[in-house]
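Here's the structure, in structure tokens; my notes come after.
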There are 2 protein chains.
Amino acid sequence: MPDAADPAPMNARRKFRREGEERRRQDLIDATLESVAEHGLEGATVRTIALRAGVTAGLIRHYFPGKEDLLQEAYAALMGRMTEQAKAALLMEDASPRQRLAAFVTANLNAPIIDQRVFSLWATFIGRAGADPTLARAHREGYLGFRNEVEAVVAEVLAAERRKPDASELRHHAIAINAIIDGLWIEGCLAGEMFSPGELAAIGIKAIEAELGLAPEKGGN
Amino acid sequence: MPDAADPAPMNARRKFRREGEERRRQDLIDATLESVAEHGLEGATVRTIALRAGVTAGLIRHYFPGKEDLLQEAYAALMGRMTEQAKAALLMEDASPRQRLAAFVTANLNAPIIDQRVFSLWATFIGRAGADPTLARAHREGYLGFRNEVEAVVAEVLAAERRKPDASELRHHAIAINAIIDGLWIEGCLAGEMFSPGELAAIGIKAIEAELGLAPEKGGN
DNA sequence: AGGCTATTTATACACTTGCACAACAACGCC
DNA sequence: GGCGTTGTTGTGCAAGTGTATAAATAGCCT
């Protein structure tokens, strides 16, 4: 039926649904992170992001004052997810300090924290910290928060061993342990297939035990 | 003399000098790195780069097939400089293995390797490793080369202590030490003013000695 | 069912981007 | 000194950028 009564509205407008504000903002932020992870900051254009989120470009400006604000919120969301997952491992109530420290390290050196995409995002954003004071401060706060968590657990671990380190000693341990976790995290993200599952966590735990001068765990896995 | 014979060539062309090919390429690469460090990959446009190099944009295409090639060469140059400086510290002939390891760590945890600008560059480029296989392979090779250097020194250090680690042990040590150096490098680059001079190197050396199970150096401060 | 309003689309615009190309002039060579 | 080579400039262009704004419509309220 070639010439049936097909309205054939050549200029048919795109159908759409009205999602809630929360949902749309979240979708746009997610789409932003995906775009940045795949094509870098340069490839994350408003049109790319909108396309990925299933909307048209103009809508971005309805939820965010400008592209820059969207990027900042996306970075904040990324950091929030990362630290949230990492800190969760510390909340085990009924466990020895040492076990909690080990769980913390294990959580940080396995999926989903060890993930090439997350690393790409982190690197892309952090690379601008030198130029963007807002990003720099966001990182500094996240870093110090993380390090303070580490320092607190270290203090508990050492206290359980009846050792009384002074503040400087504690700080040094926290810095070193933080470095071990960060360094292994990078190695795992960038060359994950070079390590067997759990290997990085095992290396990390041993290195940290050595740093703290703890006798190797007896019961072994 | 207002209306003297001033040729006033409104359309005067810019004066220029013909530099050697080597020099021009180097200038363009340097200008690229500076541009990326300051404004990220997105801000490194051919016009920005050319302006910084003191030439006009068109010249870039005379020396490089395209902008992408310029970026790749710039990344290669960056990595080359970093690893070159780092490895130089290992070449001290008349020193004990342990001294050479310490010198290596110290070199990696002070200027000019600890440098926010270099870090920004590294992060910006490495953030694209997930999407760009060429970059990923370049990093992988650089990383393995670095780790092998570490492993070699570690083997010497342990041999000097009359210890015979097996291959797996050695590998684990190298991974851990690599992580310590990388992690402290990041902390230093991103929050350099939080550490006193030499503090990071001291922390690194102590952590590594603990990892290797070495007795603390006697004489040193 | 019908209208209101905020969400969403679509279009326009000024500007930037990488690249192509022709004109030009600096420098080596005779 | 004049000439040719080619490094270098300047201009132009199509595609893509973020943003502004008007038009449309989906979904709630009554």
Side-chain angles (χ1 to χ4, degrees), chain A residues 7-32 35-36 38-75 124 128 131-132, chain B residues 7-32 34-36 38-75 124 128 132:
Chain A
M10 294 259 296
N11 300 358
R13 233 169 202 253
R14 193 170 174 218
K15 296 295 187 208
F16 62 91
R17 285 201 328 152
R18 302 176 101 146
E19 301 284 355
E21 163 164 356
E22 205 60 27
R23 170 70 183 276
R24 269 280 132 89
R25 290 177 65 89
Q26 200 52 55
D27 283 352
L28 286 173
I29 286 180
D30 287 343
T32 303
S35 296
V36 173
E38 270 191 39
H39 305 102
L41 271 177
E42 28 167 5
T45 73
V46 288
R47 286 170 179 83
T48 304
I49 294 170
L51 179 68
R52 204 183 274 269
V55 297
T56 52
L59 192 60
I60 288 184
R61 293 267 320 183
H62 191 260
Y63 287 105
F64 300 91
K67 187 198 176 188
E68 210 59 32
D69 303 80
L70 173 55
L71 283 176
Q72 295 228 11
E73 290 210 27
Y75 177 68
T124 304
R128 280 185 31 157
D132 187 336
Chain B
M10 295 261 296
N11 301 357
R13 235 172 201 251
R14 195 172 174 219
K15 296 298 186 206
F16 62 91
R17 285 201 326 152
R18 302 177 103 147
E19 302 284 354
E21 163 164 358
E22 204 60 27
R23 169 69 182 276
R24 270 280 132 88
R25 290 178 65 91
Q26 200 53 55
D27 283 352
L28 285 173
I29 287 180
D30 287 343
T32 303
E34 291 172 25
S35 297
V36 173
E38 270 190 39
H39 306 102
L41 270 176
E42 28 167 4
T45 72
V46 288
R47 287 170 177 82
T48 303
I49 294 170
L51 179 67
R52 205 182 274 270
V55 297
T56 51
L59 190 60
I60 288 184
R61 291 268 321 194
H62 192 259
Y63 286 104
F64 300 90
K67 186 196 175 189
E68 212 58 32
D69 304 79
L70 173 54
L71 283 175
Q72 297 230 9
E73 291 209 27
Y75 178 68
T124 303
R128 284 185 30 159
D132 187 335

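When reading the values below, keep in mind they use all heavy atoms of this one structure, side chains included, and skip hydrogens, waters and symmetry mates. Here is how names work: the chains are called A, B, and so on, in the same order as the sequence lines, proteins then strands, and each is numbered from 1.
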- Message: At under 4.0 Å between heavy atoms, how does the protein contact nucleotides 3-14 of chain D? Give one character per nucleotide, 5' to 3', with B, S or -.
- Response: ---BBBBB-B--
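- For the pair B/H39 NE2 and D/dT17 P, the computed distance is 20 Å after rounding to whole Å.
- The separation between B/L41 atom CG and C/dT17 atom C1' is 15 Å, rounded to whole Å.
- Residues forming a side chain to side chain contact (heavy atoms under 4.5 Å, CB included) with A/T124 (at least two apart in sequence, or on another chain): A/V36, A/L41.
- A search for side chain to side chain contact (heavy atoms under 4.5 Å, CB included) contacts involving A/R14 returns A/T56, not counting sequence neighbours.
- Between the CD1 atom of B/I49 and the C1' atom of C/dC19 there is a distance of 14 Å, given to the nearest Å.
- Remark: C1' of D/dG18 and CD of B/E42 are 12 Å apart, rounded to the nearest angstrom.
- With sequence neighbours excluded, the residues forming a side chain to side chain donor-acceptor pair (under 3.5 Å) with B/E34 are B/R52, listed by chain and number.
- Atom-to-atom, CG of A/L71 to P of D/dT17 comes out at 14 Å; the value is rounded to the nearest Å.
- In this structure, the side chain to side chain contact (heavy atoms under 4.5 Å, CB included) partners of A/Y63, at least two apart in sequence or on a different chain, are A/E21, A/R24, A/R25, A/L28, A/L59.
- Residues that satisfy the side chain to side chain contact (heavy atoms under 4.5 Å, CB included) test with B/T48, not counting sequence neighbours, are B/S35, B/T45.
- Of the residues near DNA chain C, B/G66 and A/E21, the one whose nearest nucleotide (by heavy atom distance) lies more toward the 5' end is A/E21.
- A/E42 has its side chain within reach of B/R128: a pair of non-hydrogen atoms, C-beta onward, lies under 4.5 Å apart.
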